[in-house]
Student: 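Attaching a single structure in structure tokens format; questions to follow.
These numbers were taken from a predicted model, which means no experiment stands behind them. We use all heavy atoms of the structure for the numbers below, so side chains are in, but hydrogens, waters and symmetry mates are not.
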Amino acid sequence: MAPPGSVGEAAATCLVRLRATRPLVHCLTNMVTMHTVAQAIRAAGAVPVMASAPEEVDEVAASADAVVINLGTPSRERLVAAHRAAGVAVARGRPVVLDPVAAGVSAFRTAAARGFLAGPGVAIVRANAGEAAALHGATGTVRGVEALDVGEPAEAARALARRYGTVAAITGATDHVHDGRRHIVVDHQTAALDGVIGAGDLATALVGACAAVEADHLLAAAAGLVLLDVAASQAATAAAGPGSLLPALLDALAALPSERLAAHTGARVVENAWI
């Protein structure tokens with residue numbers, strides 16, 4: 001497989017494919033941000049479905065092009081449903097994207113996230129550096145859903161990817177995407193999302209949408225992060241603060257020209273081991 005001409009061009013290709021094919025993205029997601037996540041997926045061009053009842057997840061997952069599992073508001077029933085949806089997706093060869101929200105805050109959350117990663121089929125894990133540290137055994141601190149005193153995020157991405165054989169997309173002041181051999185860095189064009197509750201959930205959802213149309217999971221993860229960053233940068237010019245940023249972000253996602261993604265010069269390949 002050849003490397004992309006640029007990460008921005010790969011992101012632009014994902015956006016074109018999303019709008020052309022309208023893949024179905026099944027989200028078992030955080031109840032705090034469910035509506036916003038669904039809106040963002042739809043604005044990007046994909047079709048969201050937010051089914052989480054154990055009675056229907058098998059059927060819904062069987063029709064999905066990607067499954068996104070977010071552990072923001074976990075319960076035993078929701079975890080059972082998520083494992084069932086993930087199993088169906090893996091059996092059908094569809095990508096599963098995991099967001100281990102606040103892993104490290106409680107033994108329950110950490111064990112739940114590790115349970116998904118230890119099994120087969122998690123294509124991409126999107127986390128902050130504190131969550132990543134908790135999952136691969138390094139020292140890190142998570143307060144609520146925020147990472148504190150977590151060390152080097154690039155190393156966290158590499159370690160998580162290698163431990164679980166997945167793509168690790170570690171987001172923060174700079175995003176690092178690693179699959180154990182290849183490393184992509186995404187420098188942000190804006191910090192406007194720093195004050196928005198659920199910004200990580202949006203990142204995970206857009207990564208999942210891109211994974212539905214891009215078979216190279218490293219590129220899909222990077223593309224989703226570039227898509228969110230460029231849309232947030234555009235939205236920030238029209239927003240007065242976090243309250244007005246989210247509506248502006250949805251508008252930006254819906255109207256974003258793919259050329260804007262291709263021009264994102266802050267996304268770059270650091271370690272190139274394409275074979």
Side-chain angles (χ1 to χ4, degrees), residues 25-42 44 46 48-54 57 60-61 64 66-86 89 95-119 122-135 140-148 150 156 160 164 166 168-172 175 193-209 211 221 224-225 228 232 242 245-246 249-250:
V25 182
H26 181 192
C27 298
L28 295 96
T29 193
N30 190 339
M31 294 173 67
V32 175
T33 59
M34 185 182 297
H35 180 259
T36 303
V37 165
Q39 291 275 45
I41 290 172
R42 185 64 189 88
V49 59
M50 319 304 278
S52 61
V57 289
V60 174
V67 169
V68 174
I69 296 170
N70 181 304
L71 302 182
T73 47
S75 68
R76 294 194 181 278
E77 181 181 55
R78 289 172 67 82
L79 290 176
V80 167
H83 274 287
R84 287 174 58 173
V96 176
V97 177
L98 175 69
D99 189 334
V101 178
V105 164
S106 71
F108 176 64
R109 284 176 182 268
T110 306
R114 286 177 173 166
F116 281 102
L117 288 169
V122 172
I124 303 167
V125 54
R126 202 294 311 163
N128 65 38
E131 294 158 349
L135 294 175
T141 303
V142 179
R143 184 184 183 201
V145 298
E146 296 184 358
L148 305 171
V150 295
L160 190 62
Y164 292 106
T166 187
I170 307 304
T171 53
D175 301 335
L193 287 174
D194 289 355
V196 174
I197 295 295
D201 299 346
L202 293 173
T204 303
L206 293 176
V207 165
L225 300 180
L228 179 60
L245 180 66
L246 283 176
L249 176 64
L250 296 176

Student: A side-chain contact here means heavy atoms from C-beta on lying under 4.5 Å apart; do Leu79 and Leu71 qualify?
Tutor: yes
Student: To check you understand the geometry: which heavy-atom pair defines the closest contact between Ala123 and Thr166, and what is its length?
Tutor: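 Scanning both residues, the minimum pair turns out to be O-OG1, 2.9 Å.
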Student: Only pairs under 3.5 Å count here: list side-chain donor-acceptor contacts from residues 27-35, not counting sequence neighbours, and write none if there are none.
Tutor:
| unit_1 | atom_1 | unit_2 | atom_2 | d |
| --- | --- | --- | --- | --- |
| Asn30 | OD1 | Val32 | N | 3.0 |
| Asn30 | ND2 | Asp201 | OD2 | 3.2 |
| Thr33 | OG1 | Asp201 | OD2 | 2.6 |

Student: What's the separation between atom CG in Leu246 and atom CD1 in Ile197, rounded to the nearest 0.5 Å?
Tutor: 10.5 Å
Student: Would you give me the side-chain donor-acceptor pairs under 3.5 Å for residues 202-209, sequence neighbours excluded?
Tutor:
| unit_1 | atom_1 | unit_2 | atom_2 | d |
| --- | --- | --- | --- | --- |
| Thr204 | OG1 | Asp99 | OD2 | 2.7 |
| Thr204 | OG1 | Arg126 | NE | 3.0 |
| Thr204 | OG1 | Gly200 | O | 3.0 |

Student: Indicate yes or no: at least one non-hydrogen side-chain atom of Asp175 is less than 4.5 angstrom from one of Ile170.
Tutor: no
Student: With Pro54, which residues qualify under side-chain contact (heavy atoms from CB on, under 4.5 Å), at least two apart?
Tutor: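 Here the qualifying residues are Glu77, Ala81, Arg84.
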Student: Heavy-atom distance under 4.5 Å between the side chains of Leu225 and Thr171, does that happen here?
Tutor: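 Heavy-atom side-chain distance check passes, below 4.5 Å.
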Student: Do side-chain atoms of Tyr164 reach the backbone of Leu135 as a donor and acceptor pair under 3.5 angstrom?
Tutor: yes
Student: I need the minimum non-hydrogen distance between Ala61 and Val67, along with the two atoms involved.
Tutor: CB-CG2, 4.4 Å
Student: Listed by chain and number, what are the ring-ring contact (aromatic ring centres under 6.0 Å, His included) partners of Phe116, not counting sequence neighbours?
Tutor: His83
Student: Among residues at least two apart in sequence or on other chains, which ones pass side-chain contact (heavy atoms from CB on, under 4.5 Å) with Ala53?
Tutor: Glu55, Glu56
Student: So, for Ala86 and Ile69, which heavy atoms are closest and what is the spacing to 0.1 Å?
Tutor: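 Scanning both residues, the minimum pair turns out to be CB-CD1, 3.8 Å.
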Student: Of all heavy-atom pairs between Ala211 and Pro95, which one has the smallest distance, and what is that distance?
Tutor: O-CG, 3.5 Å
Student: Mind checking side-chain contact (heavy atoms from CB on, under 4.5 Å) for Arg109 and listing every partner two or more places apart, or none if nothing turns up?
Tutor: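 Pro74, Val101, Ala102, Ser106.
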Student: Taking Ser52 for its side chain and Arg78 for its backbone only, find out whether a donor-acceptor pair lies under 3.5 Å.
Tutor: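 Between the backbone of Arg78 and the side chain of Ser52 there is no qualifying donor-acceptor contact (under 3.5 Å).
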Student: Write down the atom of Thr110, the atom of Ala103, and the distance for their closest heavy-atom approach.
Tutor: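 Looks like OG1-C, 3.8 Å.
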Student: Is the backbone N or O of Ala51 less than 3.5 Å from a side-chain atom of His26, with the two atoms forming a donor-acceptor pair by type?
Tutor: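 Between the backbone of Ala51 and the side chain of His26 there is a qualifying donor-acceptor contact (under 3.5 Å).
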Student: Which is it for Val68 and Ile41 under the side chain to side chain contact (heavy atoms under 4.5 Å, CB included) test, yes or no, and what are the steps along the way?
Tutor: CA-CA 11 Å; Val68 174; Ile41 290 172; 5.8 Å; no
Student: Does the pair Leu249 and Val196 meet the rule for a side chain to side chain contact (heavy atoms under 4.5 Å, CB included), with working shown?
Tutor: CA-CA 11 Å; Leu249 176 64; Val196 174; over 6 Å; no
Student: Quick one: closest heavy-atom pair of Ala46 and Val25, and the distance?
Tutor: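 Looking at all heavy atoms of both residues, the shortest contact is CB-CG2, 4.0 Å.
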